[in-house]
Amino acid sequence: MEHHLVLRVVAKLLIPMILIFALYVQFHGDYGPGGGFQAGVIFASAFILYSLIFGIENARSVISFNLLRILSALGLLLYLGVGISALIFGGNFLDYNVLASNPLSGQHIGILLIELGVGLTVAAVMTMTFFVFSRP
Amino acid sequence: MLGIAIIRLGSLFAAVMLTGIFSLVAAGLYVSMDAVDVAFTEAAVGGGIATMLFLSTIALTTSQEKTGGEVSFPAFFIVVLTGIVLMYGVSDIPKFGDSQAPAHQYLSDRYVNQSPREIGVPNMVTSILASYRGYDTMGEVAVIFTAGMGVLMLLGRGFRNSARRNSPKGNSPEQQGKVKL
(Lines give C-alpha, C1' and ligand atoms only; values in the text may rest on other atoms or scores of the structure.)
Protein backbone atom coordinates (compact mmCIF):
# COMPACT_ATOMS: atom_id res chain seq x y z
CA MET A 1 0.00 0.00 0.00
CA GLU A 2 2.96 2.32 -0.57
CA HIS A 3 1.26 4.38 -3.26
CA HIS A 4 -2.16 5.01 -1.69
CA LEU A 5 -1.55 8.59 -0.70
CA VAL A 6 -5.12 9.34 0.40
CA LEU A 7 -5.29 6.24 2.59
CA ARG A 8 -1.97 7.04 4.21
CA VAL A 9 -2.92 10.64 4.99
CA VAL A 10 -6.35 9.70 6.31
CA ALA A 11 -4.90 6.90 8.43
CA LYS A 12 -2.31 9.24 9.90
CA LEU A 13 -5.10 11.60 10.88
CA LEU A 14 -7.37 8.88 12.22
CA ILE A 15 -5.01 6.69 14.24
CA PRO A 16 -4.27 9.22 17.03
CA MET A 17 -7.99 9.94 17.32
CA ILE A 18 -8.81 6.24 17.54
CA LEU A 19 -6.22 5.79 20.29
CA ILE A 20 -7.53 8.77 22.25
CA PHE A 21 -11.09 7.55 21.82
CA ALA A 22 -10.08 4.12 23.09
CA LEU A 23 -8.55 5.69 26.19
CA TYR A 24 -11.68 7.78 26.67
CA VAL A 25 -13.89 4.70 26.45
CA GLN A 26 -11.55 2.89 28.85
CA PHE A 27 -11.48 5.46 31.62
CA HIS A 28 -14.92 6.97 31.09
CA GLY A 29 -16.64 3.59 31.19
CA ASP A 30 -17.93 4.32 34.68
CA TYR A 31 -19.89 7.34 33.46
CA GLY A 32 -20.82 6.62 29.87
CA PRO A 33 -21.24 3.55 27.73
CA GLY A 34 -18.14 1.48 27.25
CA GLY A 35 -15.57 -0.25 29.38
CA GLY A 36 -12.47 -2.33 29.17
CA PHE A 37 -13.64 -4.75 26.51
CA GLN A 38 -14.78 -2.13 24.01
CA ALA A 39 -11.74 0.04 24.69
CA GLY A 40 -9.40 -2.89 24.12
CA VAL A 41 -11.00 -3.71 20.80
CA ILE A 42 -10.86 -0.07 19.64
CA PHE A 43 -7.24 0.21 20.73
CA ALA A 44 -6.39 -2.97 18.81
CA SER A 45 -8.22 -1.70 15.74
CA ALA A 46 -5.91 1.32 15.65
CA PHE A 47 -2.91 -1.02 15.47
CA ILE A 48 -4.64 -3.15 12.84
CA LEU A 49 -5.36 -0.07 10.72
CA TYR A 50 -1.74 0.96 11.05
CA SER A 51 -0.47 -2.42 9.95
CA LEU A 52 -2.92 -2.53 7.03
CA ILE A 53 -1.74 0.81 5.69
CA PHE A 54 1.95 0.89 6.60
CA GLY A 55 2.74 -2.82 6.50
CA ILE A 56 2.99 -5.47 9.16
CA GLU A 57 6.75 -5.10 9.57
CA ASN A 58 6.42 -1.47 10.62
CA ALA A 59 3.62 -2.34 13.03
CA ARG A 60 5.76 -5.06 14.58
CA SER A 61 8.55 -2.58 15.14
CA VAL A 62 6.07 -0.26 16.89
CA ILE A 63 4.88 -2.92 19.30
CA SER A 64 6.86 -6.11 19.49
CA PHE A 65 5.28 -9.51 19.63
CA ASN A 66 6.85 -10.43 22.95
CA LEU A 67 5.51 -7.24 24.51
CA LEU A 68 2.01 -8.19 23.34
CA ARG A 69 2.33 -11.62 24.93
CA ILE A 70 3.47 -10.10 28.20
CA LEU A 71 0.68 -7.49 28.14
CA SER A 72 -2.02 -10.07 27.51
CA ALA A 73 -0.93 -12.03 30.55
CA LEU A 74 -0.45 -8.85 32.58
CA GLY A 75 -4.08 -7.82 32.10
CA LEU A 76 -5.41 -11.08 33.50
CA LEU A 77 -2.87 -10.93 36.33
CA LEU A 78 -3.96 -7.39 37.17
CA TYR A 79 -7.56 -8.57 37.40
CA LEU A 80 -6.60 -11.49 39.64
CA GLY A 81 -4.30 -9.24 41.64
CA VAL A 82 -7.15 -6.87 42.46
CA GLY A 83 -9.18 -9.84 43.65
CA ILE A 84 -6.37 -11.17 45.79
CA SER A 85 -5.48 -7.77 47.23
CA ALA A 86 -9.10 -7.51 48.33
CA LEU A 87 -8.52 -10.81 50.14
CA ILE A 88 -5.37 -9.43 51.74
CA PHE A 89 -7.16 -6.30 52.94
CA GLY A 90 -9.65 -8.52 54.71
CA GLY A 91 -12.59 -8.74 52.33
CA ASN A 92 -13.88 -11.41 50.02
CA PHE A 93 -12.32 -12.19 46.65
CA LEU A 94 -13.06 -9.27 44.27
CA ASP A 95 -14.82 -7.37 47.05
CA TYR A 96 -13.66 -3.83 46.27
CA ASN A 97 -15.18 -2.21 49.35
CA VAL A 98 -12.05 -2.78 51.39
CA LEU A 99 -9.61 -1.29 48.88
CA ALA A 100 -9.99 2.28 50.19
CA SER A 101 -11.08 3.98 53.37
CA ASN A 102 -14.70 4.26 52.31
CA PRO A 103 -16.60 1.62 50.32
CA LEU A 104 -17.61 3.88 47.41
CA SER A 105 -14.10 4.99 46.51
CA GLY A 106 -12.94 1.41 47.05
CA GLN A 107 -15.49 0.25 44.48
CA HIS A 108 -14.33 3.00 42.17
CA ILE A 109 -10.66 2.02 42.40
CA GLY A 110 -11.48 -1.65 42.01
CA ILE A 111 -13.66 -1.15 38.93
CA LEU A 112 -11.10 1.16 37.31
CA LEU A 113 -8.29 -1.35 37.86
CA ILE A 114 -10.12 -4.41 36.65
CA GLU A 115 -11.39 -2.54 33.59
CA LEU A 116 -7.78 -1.65 32.89
CA GLY A 117 -6.89 -5.32 33.16
CA VAL A 118 -9.70 -6.30 30.78
CA GLY A 119 -8.64 -3.62 28.31
CA LEU A 120 -5.00 -4.67 28.38
CA THR A 121 -5.76 -8.32 27.77
CA VAL A 122 -8.31 -7.69 25.03
CA ALA A 123 -6.15 -5.18 23.16
CA ALA A 124 -3.07 -7.38 23.34
CA VAL A 125 -4.87 -10.59 22.35
CA MET A 126 -6.68 -8.96 19.42
CA THR A 127 -3.53 -7.34 18.05
CA MET A 128 -1.59 -10.56 18.57
CA THR A 129 -4.23 -12.62 16.77
CA PHE A 130 -4.14 -10.23 13.83
CA PHE A 131 -0.35 -10.38 13.68
CA VAL A 132 -0.36 -14.15 13.72
CA PHE A 133 -3.05 -14.37 11.03
CA SER A 134 -1.38 -11.90 8.71
CA ARG A 135 2.07 -13.42 8.92
CA PRO A 136 3.75 -13.17 5.52
CA MET B 1 -32.83 -13.28 4.48
CA LEU B 2 -29.27 -12.10 4.98
CA GLY B 3 -28.45 -15.46 6.52
CA ILE B 4 -29.78 -17.36 3.49
CA ALA B 5 -27.80 -15.05 1.20
CA ILE B 6 -24.64 -15.72 3.22
CA ILE B 7 -25.17 -19.48 3.00
CA ARG B 8 -25.94 -19.48 -0.73
CA LEU B 9 -23.05 -17.25 -1.74
CA GLY B 10 -20.12 -19.07 -3.27
CA SER B 11 -17.81 -16.13 -2.94
CA LEU B 12 -16.48 -16.06 0.60
CA PHE B 13 -15.40 -12.45 0.30
CA ALA B 14 -18.97 -11.29 -0.31
CA ALA B 15 -20.19 -13.52 2.54
CA VAL B 16 -17.72 -11.87 4.92
CA MET B 17 -18.88 -8.44 3.83
CA LEU B 18 -22.49 -9.47 4.46
CA THR B 19 -21.70 -10.71 7.98
CA GLY B 20 -20.06 -7.35 8.68
CA ILE B 21 -23.14 -5.53 7.44
CA PHE B 22 -25.33 -7.80 9.56
CA SER B 23 -23.26 -6.91 12.65
CA LEU B 24 -23.72 -3.21 11.97
CA VAL B 25 -27.48 -3.65 11.56
CA ALA B 26 -27.57 -5.64 14.80
CA ALA B 27 -25.68 -2.82 16.52
CA GLY B 28 -28.35 -0.40 15.30
CA LEU B 29 -31.02 -2.71 16.71
CA TYR B 30 -29.30 -2.79 20.11
CA VAL B 31 -29.15 1.02 20.13
CA SER B 32 -32.87 1.17 19.46
CA MET B 33 -33.35 -1.17 22.44
CA ASP B 34 -31.29 1.24 24.61
CA ALA B 35 -28.51 -1.31 25.06
CA VAL B 36 -25.72 1.06 24.10
CA ASP B 37 -22.92 -0.95 25.69
CA VAL B 38 -23.87 -4.08 23.77
CA ALA B 39 -24.22 -2.10 20.55
CA PHE B 40 -20.75 -0.70 21.10
CA THR B 41 -19.30 -4.18 21.47
CA GLU B 42 -21.20 -5.55 18.50
CA ALA B 43 -20.06 -2.72 16.21
CA ALA B 44 -16.43 -2.95 17.32
CA VAL B 45 -16.08 -6.73 17.49
CA GLY B 46 -18.61 -8.01 14.96
CA GLY B 47 -18.26 -5.24 12.42
CA GLY B 48 -14.58 -4.54 12.87
CA ILE B 49 -12.31 -7.19 14.30
CA ALA B 50 -14.23 -10.30 13.26
CA THR B 51 -14.55 -9.09 9.67
CA MET B 52 -10.86 -8.30 9.66
CA LEU B 53 -9.96 -11.76 10.94
CA PHE B 54 -12.22 -13.43 8.37
CA LEU B 55 -10.52 -11.43 5.64
CA SER B 56 -7.05 -12.39 6.77
CA THR B 57 -8.16 -16.02 6.95
CA ILE B 58 -9.32 -15.71 3.34
CA ALA B 59 -5.96 -14.23 2.46
CA LEU B 60 -4.31 -17.25 4.07
CA THR B 61 -6.55 -19.81 2.36
CA THR B 62 -8.84 -19.19 -0.62
CA SER B 63 -11.74 -16.92 -1.46
CA GLN B 64 -13.96 -19.48 -3.19
CA GLU B 65 -16.13 -22.00 -1.40
CA LYS B 66 -15.51 -25.62 -2.25
CA THR B 67 -18.55 -26.86 -4.15
CA GLY B 68 -19.92 -30.36 -4.33
CA GLY B 69 -20.25 -32.90 -1.55
CA GLU B 70 -23.59 -34.57 -0.95
CA VAL B 71 -26.03 -33.79 1.82
CA SER B 72 -25.63 -36.11 4.79
CA PHE B 73 -29.11 -37.04 6.00
CA PRO B 74 -28.35 -37.76 9.68
CA ALA B 75 -26.61 -34.38 9.94
CA PHE B 76 -29.53 -32.67 8.19
CA PHE B 77 -31.97 -34.36 10.57
CA ILE B 78 -29.99 -33.25 13.63
CA VAL B 79 -29.81 -29.66 12.38
CA VAL B 80 -33.54 -29.49 11.71
CA LEU B 81 -34.34 -31.08 15.08
CA THR B 82 -32.11 -28.60 16.91
CA GLY B 83 -33.76 -25.75 15.04
CA ILE B 84 -37.22 -26.94 16.07
CA VAL B 85 -36.16 -27.30 19.72
CA LEU B 86 -34.64 -23.82 19.69
CA MET B 87 -37.80 -22.29 18.19
CA TYR B 88 -39.84 -24.06 20.87
CA GLY B 89 -37.53 -22.57 23.51
CA VAL B 90 -37.88 -19.08 22.04
CA SER B 91 -41.67 -19.25 22.48
CA ASP B 92 -41.08 -19.44 26.24
CA ILE B 93 -38.99 -16.26 26.48
CA PRO B 94 -40.89 -13.25 27.88
CA LYS B 95 -41.75 -10.55 25.34
CA PHE B 96 -39.43 -7.58 24.90
CA GLY B 97 -40.31 -4.91 27.45
CA ASP B 98 -42.64 -7.20 29.42
CA SER B 99 -42.88 -5.83 32.95
CA GLN B 100 -43.96 -9.23 34.29
CA ALA B 101 -40.75 -10.95 33.17
CA PRO B 102 -38.94 -12.73 36.04
CA ALA B 103 -35.85 -10.56 35.61
CA HIS B 104 -37.89 -7.40 36.26
CA GLN B 105 -39.63 -8.72 39.36
CA TYR B 106 -36.90 -8.10 41.90
CA LEU B 107 -33.47 -8.18 40.25
CA SER B 108 -33.66 -5.02 38.11
CA ASP B 109 -35.36 -3.30 41.00
CA ARG B 110 -32.52 -4.14 43.32
CA TYR B 111 -29.83 -3.03 40.88
CA VAL B 112 -31.58 0.20 39.94
CA ASN B 113 -32.30 1.19 43.53
CA GLN B 114 -29.25 -0.08 45.37
CA SER B 115 -26.32 0.24 42.98
CA PRO B 116 -25.98 4.06 43.23
CA ARG B 117 -25.64 3.67 47.00
CA GLU B 118 -23.50 0.52 46.99
CA ILE B 119 -21.23 1.14 44.00
CA GLY B 120 -21.66 4.83 43.22
CA VAL B 121 -20.91 4.49 39.52
CA PRO B 122 -23.36 6.27 37.21
CA ASN B 123 -23.18 3.66 34.44
CA MET B 124 -25.14 0.79 35.92
CA VAL B 125 -23.95 -1.68 33.27
CA THR B 126 -20.38 -1.14 34.40
CA SER B 127 -21.26 -1.58 38.05
CA ILE B 128 -23.07 -4.85 37.33
CA LEU B 129 -20.39 -6.24 35.03
CA ALA B 130 -17.40 -5.23 37.08
CA SER B 131 -18.62 -5.47 40.63
CA TYR B 132 -21.74 -7.60 41.11
CA ARG B 133 -20.68 -9.99 38.37
CA GLY B 134 -16.94 -9.67 38.88
CA TYR B 135 -16.39 -13.41 38.73
CA ASP B 136 -18.12 -13.66 35.34
CA THR B 137 -16.02 -10.91 33.86
CA MET B 138 -12.89 -12.51 35.22
CA GLY B 139 -13.90 -15.73 33.51
CA GLU B 140 -14.45 -13.85 30.26
CA VAL B 141 -11.00 -12.30 30.42
CA ALA B 142 -9.53 -15.73 31.10
CA VAL B 143 -11.42 -17.09 28.07
CA ILE B 144 -10.07 -14.34 25.83
CA PHE B 145 -6.55 -14.92 27.12
CA THR B 146 -6.85 -18.67 26.59
CA ALA B 147 -8.24 -18.17 23.09
CA GLY B 148 -5.36 -15.89 22.21
CA MET B 149 -2.88 -18.43 23.52
CA GLY B 150 -4.64 -21.17 21.53
CA VAL B 151 -4.37 -19.18 18.30
CA LEU B 152 -0.75 -18.54 19.08
CA MET B 153 -0.05 -22.23 19.60
CA LEU B 154 -1.85 -23.23 16.40
CA LEU B 155 -0.65 -20.56 14.01
CA GLY B 156 2.27 -18.92 15.75
CA ARG B 157 4.74 -21.71 15.11
CA GLY B 158 8.06 -20.28 13.99
CA PHE B 159 6.77 -16.79 14.58
CA ARG B 160 9.41 -15.92 17.10
CA ASN B 161 12.21 -17.09 14.85
CA SER B 162 11.07 -14.96 11.94
CA ALA B 163 10.61 -12.04 14.33
CA ARG B 164 14.16 -12.44 15.56
CA ARG B 165 15.52 -12.31 12.03
CA ASN B 166 13.55 -9.14 11.54
CA SER B 167 14.91 -8.11 8.17
CA PRO B 168 12.51 -7.60 5.26
CA LYS B 169 14.49 -9.77 2.86
CA GLY B 170 15.51 -12.37 5.42
CA ASN B 171 13.06 -15.05 4.33
CA SER B 172 14.51 -18.50 4.33
CA PRO B 173 14.01 -20.64 1.19
CA GLU B 174 11.29 -22.78 2.68
CA GLN B 175 9.33 -19.70 3.72
CA GLN B 176 9.49 -18.31 0.21
CA GLY B 177 8.25 -21.63 -1.08
CA LYS B 178 5.35 -21.43 1.33
CA VAL B 179 4.44 -17.98 0.07
CA LYS B 180 4.33 -19.20 -3.51
CA LEU B 181 2.11 -22.12 -2.59
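So you know, we letter chains A, B, ... as the sequences are listed, proteins then strands, and number each from 1.
- Note: the hydrophobic cluster containing A:L52 also contains B:L60 (ILVMFWY, side chain heavy atoms under 4.5 Å, direct or indirect links).
- Counting heavy-atom pairs closer than 4.5 Å to chain A, the top-ranked of the candidates B:L129, B:T137, B:I49, B:V36 is B:T137.
- Counting non-hydrogen atoms of other residues, nucleotides and ligands closer than 6.0 Å to OH of A:Y24 gives a total of 12 or fewer.
- Heavy-atom distances place both the backbone and the side chain of A:Y31 under 4.5 Å from chain B.
- Residue contact with chain A, scored on non-hydrogen atoms closer than 4.5 Å, involves the backbone and the side chain of B:V45 alike.
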- Query: After noting the C-alpha distance and the side-chain angles of B:M149 and A:S72, does the key distance pass the side chain to side chain contact (heavy atoms under 4.5 Å, CB included) rule?
  - Reply: CA-CA 9 Å; B:M149 288 301 122; A:S72 66; 3.7 Å; yes
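- Of the atoms belonging to A:V25, it is side-chain heavy atoms, and not backbone ones, that fall under 4.5 Å from chain B.
- Around the CZ atom of B:F13, the shell of radius 6.0 Å holds no more than 12 heavy atoms that belong to other residues, nucleotides or ligands.
- Residues A:L116 and A:L23 fall within the same hydrophobic cluster, defined by Ile, Leu, Val, Met, Phe, Trp and Tyr side chains chained together at heavy-atom separations under 4.5 Å.
- How far CG of B:L152 is from CZ of A:F65: 4.5 Å, rounded to the nearest 0.5 Å.
- For A:A73, the parts lying near chain B are the backbone and the side chain together; criterion is any non-hydrogen pair under 4.5 Å.
- A continuous path of hydrophobic side-chain contacts links A:F47 to B:L53 [ILVMFWY only; heavy atoms under 4.5 Å].
- Note on B:S131, B:S56, B:G148, B:G48: by heavy-atom pairs under 4.5 Å with chain A, the leading option is B:S131.
- When heavy atoms are compared at a cutoff of 4.5 Å, B:A44 approaches chain A by way of both its backbone and its side chain.
- Minimum heavy-atom separation, A:E115 to B:T126: OE2-CG2, 3.5 Å.
- Under the 4.5 Å side-chain heavy-atom criterion for Ile, Leu, Val, Met, Phe, Trp and Tyr, A:L67 and A:M126 are members of the same hydrophobic cluster.
- Taking OG1 of B:T57 as the reference point, atom CZ of A:F133 lies at 4.0 Å (rounded to 0.5 Å).
- Using a 4.5 Å cut-off between heavy atoms, A:I48 contacts chain B through its side chain alone, with no backbone atom that close.
- Cluster annotation: A:F43 and A:F54 are assigned to the same hydrophobic cluster (Ile/Leu/Val/Met/Phe/Trp/Tyr, side-chain heavy-atom contacts under 4.5 Å, transitive).
- In this structure, A:Y79 contributes its side chain and B:G134 its backbone to a donor-acceptor pair below 3.5 Å.
- With a 4.5 angstrom heavy-atom cutoff, A:I114 touches chain B only via side-chain atoms.
- Within 6.0 Å of atom OH in B:Y132, more than 12 heavy atoms from other residues, nucleotides or ligands are found, so the atom counts as buried in its surroundings.
- Side-chain contact check for B:V151 versus A:V125: every heavy-atom pair is 4.5 Å or farther apart.
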